Amino acid sequence: MTKSITLRRPDDWHLHLRDGAMLQGILPETSRDFARAIIMPNLVPPVVTGADAQAYRDRILAALPEGDQFEPLMTLYLTEGTDPEDLAAAAASGLIKAVKLYPAGATTNSHGGVRDFDKVRGVLEKMAEIGLPLCMHGEVVDHDVDIFDREAVFIDKVLEPIRRATPGLPVVMEHITTKNGVDYVRSAEKDLAATITTHHLVINRNHILVGGIKPHYYCLPVAKREEHRLALREAATSGDARFFLGTDSAPHIDALKEHACGCAGCFTATNTMSILAHVFEEDGALDRLENFTSLNGPAYYRLPVNDGTLTLVKGEEPVVYPAKIETGAGPVTVFDPGYPLYWRVA
Ligand code: DOR
Ligand code: ZN
């Protein structure tokens, strides 16, 4: 029996596209299915000013396959030197849709991020005034905090104080990985939402470590215990408008993943919609998939939903996805959910 479901065309509210040959190689994996994406600014060097964002946007559009309709929603990388006026001008022109906060040292190319949160107070106040969302990488970086606890500690030590000190600042907790994150978002009546990745709905920390270390399942924040994965599944499939898809699809070439000091990131752009249909069907929530992928994000970002649609069809035979995407920068392994996928984008 063939089943199908048609959704408003989805958006990805957290995506790494990189630059150059990597951008060229992986952009089609997103623009095939997604209408828009929030583009992470952690390039080397990072996207810090409005001018940087404009130039990066132009490079993304130049790399877009002919005929694909895709709008990159640009972000700035918050530094202790960010100029609130430059940021406000980039927001007013419509160029940027959010600002990304990386605690310095938390993840890939975050060394230029924020060390002293008092130094960005002026910028955060300006953002609250103009209603520009702050996307947070929610992990503390203290050496004495266990890596599996870094999100929960961030909520108490950083996020709650910032939110209390900056009323009206719209915050997106990016890629939440814990029940603590889910509960914290649910405790807020306004100005707080969270993105959830595809891979965190599928893997827990056993997938990374049992039976040998699996570098392609390593990302940050790292996947946690099963109880946390189940809390994320419940939040994503609940239809609650405060939770929406941000894949955090983060390509690194295989040589840098399969390495003594492997990079963090799961590359899920290629098969995300197929995996999500599987997950939502498994949880009896296919009717809420559209909320998660296509409706909740635009509502929070105060953008219109997309005009187009995307149809997913469930076939009799598993869909074959490439194991790797060959890019000019090198091969990138596609995330393997560990089970066959029967849903494909029509
Ligand atoms: O796994 C991750 N990869 N987490 C991040 O926060 C950054 C990302 C990347 O840029 O590779
Ligand atoms: Zn990311």
Side-chain angles (χ1 to χ4, degrees), residues 11-20 22-23 25-27 29-30 34 37-47 56 72-78 97-114 133-141 147-148 150-151 154 158 172-178 181 194-205 207-208 213-224 232 244-259 261-269 272 297 325 327 329-330 332-335:
D11 300 305
D12 183 347
W13 299 95
H14 182 130
L15 177 67
H16 296 269
L17 285 180
R18 316 299 190 203
D19 215 341
M22 179 64 90
L23 166 65
I26 56 124
L27 177 58
E29 302 305 303
T30 287
F34 292 88
I38 285 276
I39 309 301
M40 287 297 121
N42 62 334
L43 304 182
V44 188
V47 179
Y56 186 30
L73 307 174
M74 307 310 291
T75 64
L76 298 186
Y77 182 114
L78 184 59
K97 295 290 186 270
V99 171
K100 177 69 189 246
L101 186 157
Y102 288 104
T107 188
T108 312
N109 301 328
S110 62
H111 44 272
V114 178
L134 178 68
C135 296
M136 288 218 183
H137 183 105
E139 289 189 286
V140 293
V141 293
I147 193 163
F148 292 99
R150 289 180 171 199
E151 180 171 301
F154 183 88
V158 182
V172 183
M173 262 189 96
E174 300 285 64
H175 42 51
I176 54 169
T177 58
T178 58
T195 56
I196 300 178
T197 76
T198 307
H199 50 283
H200 287 115
L201 296 174
V202 175
I203 62 167
N204 63 32
R205 63 195 202 177
H207 291 81
I208 311 170
I213 193 157
K214 314 293 191 316
H216 296 290
Y217 289 152
Y218 173 64
C219 67
L220 287 170
V222 69
K224 310 293 192 297
L232 299 173
F244 41 87
L245 174 65
T247 65
D248 197 16
S249 182
H252 293 276
I253 58 168
D254 285 352
L256 294 178
K257 291 287 293 174
E258 300 163 12
H259 190 279
C261 183
C263 293
C266 295
F267 181 71
T268 55
T272 273
I325 302 299
T327 79
V332 174
T333 291
V334 175
F335 177 76

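Small disclaimer: the values here were computed from a predicted structure and weren't measured. Numbering of ligands and ligand atoms starts at 1, following listing order.
Near Cys219, meaning under 4.0 Å from any of its heavy atoms, are these atoms of ligand 1: 1 (O). Within ligand 1, counting atoms from 1 as listed, the ones closer than 4.0 Å to a heavy atom of His137 are 6 (O). Residue-ligand proximity, Ala250 to ligand 1, at heavy-atom distances under 4.0 Å covers atoms 3 (N), 8 (C), 9 (C), 11 (O).
For the pair Pro41 and Thr75, the minimum side-chain heavy-atom distance is below 4.5 Å. Met40 has its side chain within reach of Lys100: a pair of non-hydrogen atoms, C-beta onward, lies under 4.5 Å apart.
Ligand 1 lies nowhere less than 4.0 angstrom from a heavy atom belonging to His199. Distances from ligand 1 to the non-hydrogen atoms of His252 include at least one value under 4.0 Å.
Of the N and O atoms on the side chains of Thr178 and Lys224, not one donor lies less than 3.5 Å from an acceptor on the other residue. Counted by atom type alone, Asn42 and Thr108 present zero donor-acceptor pairs between their side chains at under 3.5 Å.
Below 3.5 Å of separation, one finds no N or O of Tyr102 facing any N or O of ligand 1.
Looking only at protein heavy atoms, the nearest one to atom 4 (N) of ligand 1 is Leu220 O, 2.7 Å. The shortest contact between atom 7 (C) of ligand 1 and any protein heavy atom is with Thr107 OG1, 3.3 Å. Counting protein heavy atoms only, atom 3 (N) of ligand 1 is closest to Ala264 O, 3.0 Å.
Using cut-offs of 30° and 60° for the angle between ring planes, the His137 and His175 rings count as perpendicular. Aromatic ring orientation, Phe335 versus His199: tilted (interplanar angle from 30° to 60°).
For a distance bound of 2.8 Å, the N, O or S atoms of His175 include none lying that close to the Zn ion (ligand 2). His14 lies close to the Zn ion (ligand 2), since one of its N, O or S atoms is found at a distance under 2.8 Å. At a cut-off of 2.8 Å, Glu174 does not coordinate the Zn ion (ligand 2) through any N, O or S atom.
Although no hydrogens or angles enter the test, the distance criterion places a donor-acceptor pair under 3.5 Å between the side chain of Lys257 and the main chain of Gly265. In this structure a side-chain-to-backbone donor-acceptor pair under 3.5 Å is missing from His16 to Arg18.
Crowding of Ile213 atom CD1: a count of heavy atoms from other residues, nucleotides or ligands under 6.0 Å not exceeding 12.
The minimum distance between the Zn ion (ligand 2) and any N, O or S atom of Asp248 involves atom OD1.
Under 4.0 angstrom from ligand 1, the non-hydrogen atoms of Asp248 all belong to its side chain.
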